[in-house]
Amino acid sequence: MTKEISTGYQPGDVETQWYDRWVKSGCFRGNENGEGEAYSIVIPPPNVTGILHLGHVLNTTIQDILARRARMEGKDVLWLPGTDHAGIATQSKVEQKLRKEEKKTRRDVGREAFLEKVWDWKEEHGGIIIQQLKRLGCSCDWSRERFTMDEDYSRWISKIFVDLFEEGLIYRGKRMVNWCPKSLTALSDEEVIMKPQKSKLYYMRYKVVAENGEGSPDRWVEIATTRPETLMGDTGIAVNPKDERYGDLVGKKVLRPFPEAEIPVVADEHIDPEFGTGVLKVTPAHDKADFEIGVKNNLEIIDVFNPDGTLNEHAGPEFEGMDRFEARKKAAEKLEEMGQLVKVDDYENKVGFSERADVPIEPRISMQWFLKYPCVEEATAAVANDEIRFRPERWKKTFTHWMGGIQDWCISRQLWWGHQIPVWYRKEKAEELKGRESLDATGAGNDLYVGIDPPSDEENWVRDDDVLDTWFSSWLWPFATMSNSDEEPSPTEKRFYATTDLVTAPEIIFFWVARMIMAGYRWRGKLPFKNVYFTGIVRDGRGRKMSKSLGNSPDPLDIIAEYGADALRFAVMKTAPLGADIRFDITNEGGKEIYPQVVEGRNFANKLWNAARYRQMQEGEGTFDASALSIYSIDILAKLDQLEKDMASAYEDYRFNELAQLLYDFFWGQYCSWFLESSKGAFAPDADPALRGSTVAAMDLVLKRFLLQSQPFMPHISEELWDNLGYREEGCPEFLMQTQLQTESVLAGVDPAVINAAQTKVKAIYESVSRARNLKAEYGLGSNRSVKFIIDPNGGAPDGGAFDETAVFQQLVGAAEVVVEPSFEAEKGVPTALTEIGKIYLPLEGLIDVDAERERLSKELAKVEDELKKVNAKLANENFVSRAPEAVVGEMKERQVQWQDKSDELGRMIESLGA
RNA sequence: GCGCGAUUAGCUCAGGGGUAGAGCAUCACCUUGACACGGUGGGGGUCGUAGGUUCAAAUCCUACAUCGCGCACCA
């Protein structure tokens, strides 16, 4: 058996080999001493423990395309990568492992030892995602990779904290915060996700306390609540002051059923009389709104929960130690027993969930550090007046809205993995200071130390236990990755800050984007980036967001292994309209998951591969001689020019899907389907050597320029073909990815009139070919054998003369023979098509059927007349003729003539067939 | 409740006042000298619904419907 050589492109080794070579040659390194225009992006740092998902693929491919394109435009590019320590996520993972393997909690092992374990874990498992980004082809400057817990980077965090503390923007206070009972930490508002929940609305009744024996001894007031388990913490009930039903109750007391206590009835305008019974139970310790009502009315605050969401001693012995959801049932049961539960309705409400731990958060009063945001006005203005440009622009509104209602940021977390707050308390005063409210720069004198470095007599001090919110480190990312905090701006920063583009998901517009703008302005006096491109969300075929928990997110690495990174990149880009969501289609074929969009990408890569192979099969160098170019070569080169123009303009607007579409349409639809097919004659043994040479030259030109254009999207295969085809020129960089785009038109030396004439003629030929193929197919002639066409160019040839492109016509149509016969007199019933180059006859032996042909032509005539009717109607409309733009009317008139001619001609053809 | 977005062929999506488009899928034909991960041709759409503006609306405007996403202290 002979060995079969695969004609298909095998991406695997090709991709990894090129990637290694690029890295080794320093192609990705940002040059701070360069002289070109600077272009920079900082990567949104993925979690150090993260695994690549399709969202990352979308996001980083866009960045890679921007970076690669910028390099080819001669810019000095820095794409700065790194990872984020992801406080809660990482710590939970290690805690989980600890629990599973050693049956211990982090407290069992102690802070120091636990942190060591986290670092170990990070060394072992961290950075997987970096390897995955490399496999995708990302051209990041890995020599500058950063991690938010790096020592230099950490010093930045402390410095920023100290600055803000001294400025009075950071303070500590006892406040209602979002508490995660699973992670045992406070969370910022942004880390809480509201989810609709099917729950119950419990109607219960409290007894009104009789005053000095007056009033009805049996008066009850009905209250609706979703959280009966907190009633032990109720210290009042509230009604709307305007609510006539309850007006007389205000100032009286009701009896809390358990633990039994008399609690006051207060009036508050926030109460909606329409909701439930119009009466609210007030639990100041466990609800933000209740807290405010409590403060206003001087109500007692009773916390009935432990930090982990179980109930504490204040709930009474029956409830102590019980989980909050069990306690809910139990409280309802108990009310029932007491005859105080009126009814229970099904009810859907929204409950805040911890983003990371995915459990309902508990509003809880606790001592936390807060930040009043700096530079809010400047940041708001920067986006409002497009100093920072958002794409799509609609996110501006969201941003402005949030900035307008901005709340102080709870920055402390009761975690260990993260940047510990740089605050020390004098040992003997520590307990007192830790409990002090409203602690700020003015408060504690010499007993408080806030500094980047620990105090020199550290042994006399106790450090604050809390760490900072991970986002408190991320907001410095654009500049803290470039310079150290104690030094002048580094050469890297001087050259590459502010960055050019930021590519990120709209989900983190508040978490990250807004805060970076403020931080950049506050500490660098410069906005951190010029453009922000918000990507869409990657969804599955059913429109659901891809997520690990749904299990609907395929592993990009599996896809890459099967189809290649270039295919995946191309697939994602082709369906990534500006900021709109992407549906990642998955179909199932015989139990195997197929990704149609990626298949398309792979097929495209394969097409590219084979088109290049075809070039390699033609021997020798081409010689570019403008005067020897065929009309087909001129045509494809003109289209190449147009492609480059269209690409440039689509890049301006970040229209990545359009860019991918342009590449695809040009290469497959124009170059392969038409040009390569039409050029085959030039390689026949008896072909004119000048034609052959110029055709090869045209092929080379197109391939070269096309590879330059496609490199950012499909870097690996483009590089491979650039190499295989030997397109590197003397004195040019080693790699395609370093090669500069050429901007000069490929047809610069050719007379525009010649180009125009060639394109007109080629267009006519191609259209006629389509008609001829059509005719063939209509008569069921699939094979190219034994098909003969006769062309009667009688006045129909585009240049007015005889038709001289029969060879190409024959090749394109797939015919055995094509002859030109002016004024050909066909037998009756010979199938005919009316085309741009004349009448085309398809004589069929034994198949001549006058009736059939008449019917076919009649059908066509009907279509033509339909069009003609439409055009006629339009032109008969006076309003149209007088009010539509001249150009539109002119075009319509032209169309009228065309359809009329066609109709006449078809009419004659039918007539000639006889009745 | 307010705001934003989407709704175009079976699927994934372009188009954005002037003749409804692509890829996939489907059907028919084709082992034509790069590619069957290919070639050729066909079928398939009253552009979510109802109004309005206009000579002309898939496109602009207004409502509504469905889906999605933000924001909001309705227990």
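Per chain, numbering begins at 1; letters A, B, ... match sequence-line order. These numbers come from the heavy atoms of this one structure, side chains and all, not from hydrogens, waters or symmetry mates.
- In this structure, A:Q811 places its CD atom 12 Å from P of B:U32, rounding to the nearest Å.
- Side-chain nitrogen and oxygen atoms of A:R394 include none within less than 4.0 Å of the OP1 or OP2 phosphate oxygen of B:C4.
- With both pairing distances under 3.5 Å, B:C37 is matched to nothing as a Watson-Crick or G-U wobble pair.
- Using a 4.0 Å heavy-atom distance criterion, A:K396 is classed as making no nucleic acid contact.
- To the nearest 0.5 angstrom, A:L280 atom CG is 8.5 Å from A:D268 atom CG.
- Closest contact between the side chain of A:A611 and the listed nucleotides B:C35, B:A34, B:A22 involves B:A34.
- A salt bridge is absent between A:E222 and A:K343; no separation between the charged side-chain nitrogens and carboxylate oxygens falls under 4.0 Å.
- The base of B:C4 is not paired with the side chain of A:K397 by any donor and acceptor separated by under 3.5 Å.
- Regarding A:R205, its CZ atom lies at a distance of 25 Å from the P atom of B:A75, rounded to whole Å.
- Using a 30° and 60° split on the angle between ring planes, A:F534 and A:W395 fall in the tilted class, from 30° to 60°.
- In this structure, the nucleotide among B:U40, B:C37, B:U19 sitting nearest to the side chain of A:W899 is B:U19.
- Residue-to-nucleotide proximity on RNA chain B shows that, of A:E600 and A:Y614, the 5′-proximal contact is made by A:E600.
- Donor-acceptor pairing under 3.5 Å is recorded for the side chains of A:S188 and A:E191.
- Distance noted for atom P between B:G10 and B:G45: 7 Å (whole Å).
- Ranking B:G39, B:C71, B:C74 by closeness to the A:K350 side chain, first place goes to B:C71.
- Salt-bridge formation is detected for the pair A:K281/A:D234: a Lys NZ or Arg NE/NH1/NH2 atom is positioned less than 4.0 Å from an Asp or Glu carboxylate oxygen.
- Salt bridge A:E778/A:K859: absent, no basic N to carboxylate O contact under 4.0 Å.
- You'll find that the side chain of A:T226 is closest to B:A75, out of B:A14, B:C35, B:A75.
- Note on A:K281: nothing from the nucleic acid sits closer than 4.0 angstrom, heavy atoms only.
- Residue A:P596 places its side chain closer to B:C24 than to any other of B:C24, B:U19, B:A34.
- When both pairing distances are held under 3.5 Å, B:U7 makes a Watson-Crick or G-U pair with B:A65.
- Across every strand in view, B:U12 sits in a pair with B:A22 that passes the Watson-Crick or G-U test at under 3.5 angstrom.
- Residue A:Q661 is classed as a sugar-phosphate contact, given heavy-atom separations below 4.0 Å to backbone atoms only.
- For the pair A:R883 and A:L676, both in contact range of RNA chain B, the more 5′-proximal nearest nucleotide belongs to A:L676.
- Residue contacts for A:N774: at a heavy-atom cut-off of 4.0 Å it reaches the sugar-phosphate backbone alone, with no base atom in range.
- B:A57 sits 12 Å from B:A20 when the P atoms are compared, rounded to a whole Å.
- Distance, A:E658 CD to B:G15 C1': 10 Å, rounded to whole Å.
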Exercise. Should A:T535 and A:F656 be marked as a side-chain contact (heavy atoms from CB on, under 4.5 Å) after you check the CA-CA gap, both sets of side-chain angles, and the distance that decides it?
Worked result: CA-CA 11 Å; A:T535 64; A:F656 298 101; over 6 Å; no
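- Rounded to a whole Å, the CG atom of A:L812 is 10 Å from the P atom of B:U40.
- A:A777 comes within 4.0 angstrom of the backbone, heavy atoms only, and of no base.
- B:C47 and B:A14 have their C1' atoms separated by 13 Å, given to the nearest Å.
- Annotation: B:G18 and B:C11 have their P atoms spaced 26 Å apart (nearest Å).
- Taking atom C1' in both B:C29 and B:C69, the straight-line distance is 48 Å, to the nearest Å.
- Side-chain proximity of A:H270 to B:G41, B:C73, B:A72: nearest is B:C73.
- The distance between atom CZ of A:F570 and atom P of B:G23, rounded to the nearest whole Å, is 13 Å.
- Using a 4.0 Å heavy-atom criterion, one finds that A:G278 contacts the bases of the nucleic acid, with or without backbone contacts as well.
- Heavy atoms of A:K870 sit nowhere under 4.0 angstrom from any nucleic acid atom.
- For A:K607, the listed nucleotide lying nearest its side chain is B:C35; candidates were B:C74, B:C35, B:C73.
- Regarding contacts with the backbone of B:G38, a side-chain N or O of A:N603 is found under 4.0 angstrom from either OP1 or OP2.
- Listed nucleotides: B:G23, B:C55, B:A34. Nearest to the side chain of A:Y664: B:G23.
- For the pair A:R613 and B:A34, the criterion of a side-chain N or O lying under 4.0 Å from OP1 or OP2 is not met.
- Nucleotide B:G70 has B:C2 as its partner under the Watson-Crick or G-U criteria, with both atom distances under 3.5 Å.
- A gap of 23 Å separates the C1' atoms of B:G15 and B:U66, to the nearest Å.
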Exercise. How far apart are the C-alpha atoms of A:Y766 and A:W674, what are their side-chain angles, what is the distance that settles it, and do they pass the ring pair (Phe, Tyr, Trp, His ring centres under 6.0 Å) test?
Worked result: CA-CA 8 Å; A:Y766 288 170; A:W674 289 108; 4.4 Å; yes
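- Across all strands, A:E677 comes closer than 4.0 Å to base atoms (heavy-atom distances).
- Put simply, CH2 on A:W402 is 21 Å from P on B:C69, counting in whole angstrom units.
- Using a 4.0 Å heavy-atom distance criterion, A:I271 is classed as a base contact.
- For the pairing with A:W609, the ring pair (Phe, Tyr, Trp, His ring centres under 6.0 Å) check across A:F667, A:F604, A:Y9 returns one residue only, A:Y9.
- Among the protein residues, A:R773 comes within range of the sugar-phosphate backbone only, with heavy atoms under 4.0 Å from sugar or phosphate atoms but none that close to a base.
- Note: A:Q10 CD to A:N606 CG = 8.5 Å, rounded to the nearest 0.5 Å.
- The base of B:A28 lies outside donor-acceptor range of the side chain of A:E778, with no N or O pair under 3.5 Å.
- When the C1' atom is compared between B:U53 and B:C61, the two are found 7 Å apart, to the nearest whole Å.
- Among the heavy atoms of the strands lying under 4.0 Å from A:H401 are primed sugar atoms or P, OP1, OP2 only; no base atom is included.
- Residue A:I237 contributes atom CD1, which lies 21 Å from atom P of B:C74 at whole-angstrom precision.
- Regarding A:L58, its CG atom lies at a distance of 18 Å from the P atom of B:U12, rounded to whole Å.
- Comparing the same atom, C1', in B:U7 and in B:U54 gives a spacing of 25 Å after rounding to whole Å.
- Distance from the side chain of A:F510 is smallest for B:G70 among the nucleotides B:A14, B:C55, B:G70.
- Backbone-only contact: A:Y347 has heavy atoms under 4.0 Å from sugar-phosphate atoms and none from a base.
- In the set B:G18, B:C37, B:A34, the nucleotide with an atom closest to the side chain of A:V888 is B:G18.
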